[in-house]
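Following: one structure in structure tokens, then a few remarks.
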Amino acid sequence: MPIAPPWSQPVRRRPTVMAEGAKIPMTAAIEIRLSGSGGQGLQLSASVLAEALLREGKRVAQSQSYEPTSRGGISRSDLVISEDEVDYPLVTRINYLVILDDVAARASNALIKPGATVLCDESRVTQAPSGDFHVRMLPFAEKARAVGLERVANMVALGTLAGLSGICPRATLEAVVRDETPAKFLDLNLEALAAGFKLAEAPVSE
Amino acid sequence: MLASVRQNLQGNQACALGAIAAGCRFYAGYPITPSSEIAEKMAVELPKVGGTFIQMEDEIASMAAIIGASMGGVKAMTATSGPGFSLKQENLGYGAMAEVPCVVIDVMRGGPSTGMPTRPAQGDIMQSRWGTHGDHPIIVLAPSSVKEAYDQTIRAFNLSERLRTPVVVLLDEVIGHLVETIEIPHIDTIERAERKWATEARETYLPYGETDDGIPAMARPGDGYRSHTTGLTHGPSGFPTQKPAEVNDMMQRLLGKIDRHRDIVDDVETVGCDDAEVLVVTVGITARAARRAVRQARDAGIKAGLFRPVTLWPFPENQFRAVEARVHSVLVPEMNAGQLCLEVERLSARRTKIARINRIDGEAIEPAHILSTIEELGRHG
């Protein structure tokens, strides 16, 4: 005897509420990419910036790309900053690009927005991109060595980026560095950040 | 004050926090990129709430462990990526057959095989539905933001407990590793569903009997009920059977139980679907790209719409058909060689033009790519 399947029997079915995406955020976002070689601390500096922006009341989307090695290989961390909810969280037209190593020198060319600011480490980037945007060669690694450790070049670059762009107040960045980076590196990180802000004040030589 | 907290949170970590908010108190896993942060976060957070974290010897054992923990009465979860998801399939089928609530998070990376550990893909769309053998019920939820990773993980537990079935939360690597500013609601505002435990007389208890809602009550260990659990086809008593009528009853109830509760299972997001002529259907990070593309297309005067199945499986057929009936073209962008489009083709009327965008190089599909295809479809519609 055929047996009626339960799902063929009438079932109380409540119509699913279709949430119309009434308001799609339209605010212009700022897009930032920190790129270089794996191990240069790009993810860390991006999270410090993201946390500082959060404290400033902004909304961020931070994404990353890295290779399956803990050192070397191309590494990048991207931030999309918006007043409202970020609609598409990945970068498509970069406003500020930091390049700390040659391995990442050309990787972002197609995404640089005309008029963007590109900050390159002058010792480790020999093939800086060129185009309809401003490129500045800056001594991030050198300043990092001067404060005691080349590894904090990421913090120097972060300071310069914040200083030049005005996207985040210095005091907020410093507070995040105090709260979220290891105590052992605190002074070093703060000095590196300060060195970065100082670089931002130097006269432009493109 | 039940205030929410605004913070920057990663998709994977949001899954872990969502799980704990949902009442998950057991995690077993074997770390695998790009899902490892889920295990890391659970290892830190579970002990704080009296839960148990175990790093198992492999993916298979992790799946077995959460099924065991769940049968012991604890809400349990594991997380993995494609290669591990393949290994879990046998025990996932056991969970579906024995009707053991559990949550599996699959953070999709480039495949097949070990593929590209750190690169995104959406290649497990069909595996999440049909990865284990035999006809089986399963629910798959597909978040496309960090907030949704949190919310849908909670929902996964609630559906799993209510319907006694494994639930898969399917993320792509982008959403798993994405950090977004989100509001985490106060823990006391979270809605939690609890399992139906047996309370009837012990003498007449049937661990797999028919019930009003198709969901049999589970016997809590220690409550003294006679219960038998097996992956073999079983009758109401839980003991194996091959009697056609009993097998049919059991299988019909098992396969039908999700459909009987579509009112709580289905979930879709639609944008501009009221008047859309070109409809985009997609999930995960690709849906974020599509949402921007749809907005830009509408700004340019093209009637575009987005249909995003938040509950990916069972696919929300009725909602899709209702929208599809009004459009002339459907575009399915996905980071695989063409999987979701198969379901869309199955459900679409013959006259509807179906277009695909497939990207399999480990990069996300950009909004501009979707927009240009919408424009093309809009012109030729």
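In the text below, chain A, chain B and the rest are named by the order of the sequence lines, each starting its count at 1.
With hydrogens and angles ignored, the 3.5 Å screen pairs a side-chain donor or acceptor of B:Arg288 with a backbone N or O of A:Val86.
For A:Arg151, the CZ atom is loosely surrounded, since the number of other residues' heavy atoms within 6.0 Å does not exceed 12.
Of residues 53-60 of chain A, those residues with a non-hydrogen atom less than 4.5 Å from any non-hydrogen atom of chain B are, in numerical order, A:Leu54, A:Gly57, A:Lys58, A:Arg59, A:Val60.
For B:Glu37, there are no salt bridge (charged side-chain N to carboxylate O under 4.0 Å, His left out) partners two or more places apart in sequence or in a different chain. A:Asp102 pairs by the salt bridge (charged side-chain N to carboxylate O under 4.0 Å, His left out) definition with nothing, not counting sequence neighbours.
For the atom pair CG of A:Leu49 and CG of B:Asn8, the computed distance is 10.0 Å after rounding to the nearest 0.5 Å. With rounding to the nearest 0.5 angstrom, the CG atom of B:Leu9 is 11.5 Å from the CD atom of A:Gln62. Atom CD of B:Glu366 sits about 8.5 Å away from atom OG1 of A:Thr92, to the nearest 0.5 Å.
Only the side chain of B:Glu183 comes within less than 4.5 Å of a heavy atom in chain A; its backbone stays farther off. For chain A, the nearby part of B:Val174 is the side chain; its heavy atoms alone come within less than 4.5 Å. Interface residue A:Ser65: backbone and side-chain heavy atoms are both found under 4.5 Å from chain B. With a threshold of 4.5 angstrom between heavy atoms, B:Ile285 approaches chain A through its backbone and through its side chain. Of the atoms belonging to B:Arg119, it is side-chain heavy atoms, and not backbone ones, that fall under 4.5 Å from chain A.
No other option in B:Pro117, B:Ala368, B:Ala289, B:Ala293 has as many heavy-atom pairs under 4.5 Å with chain A as B:Ala289.
Listed by first then second residue, pairs satisfying side chain to side chain donor-acceptor pair (under 3.5 Å) with a partner in residues 104-113 of chain A read A:Arg33-A:Ser108, not counting sequence neighbours.
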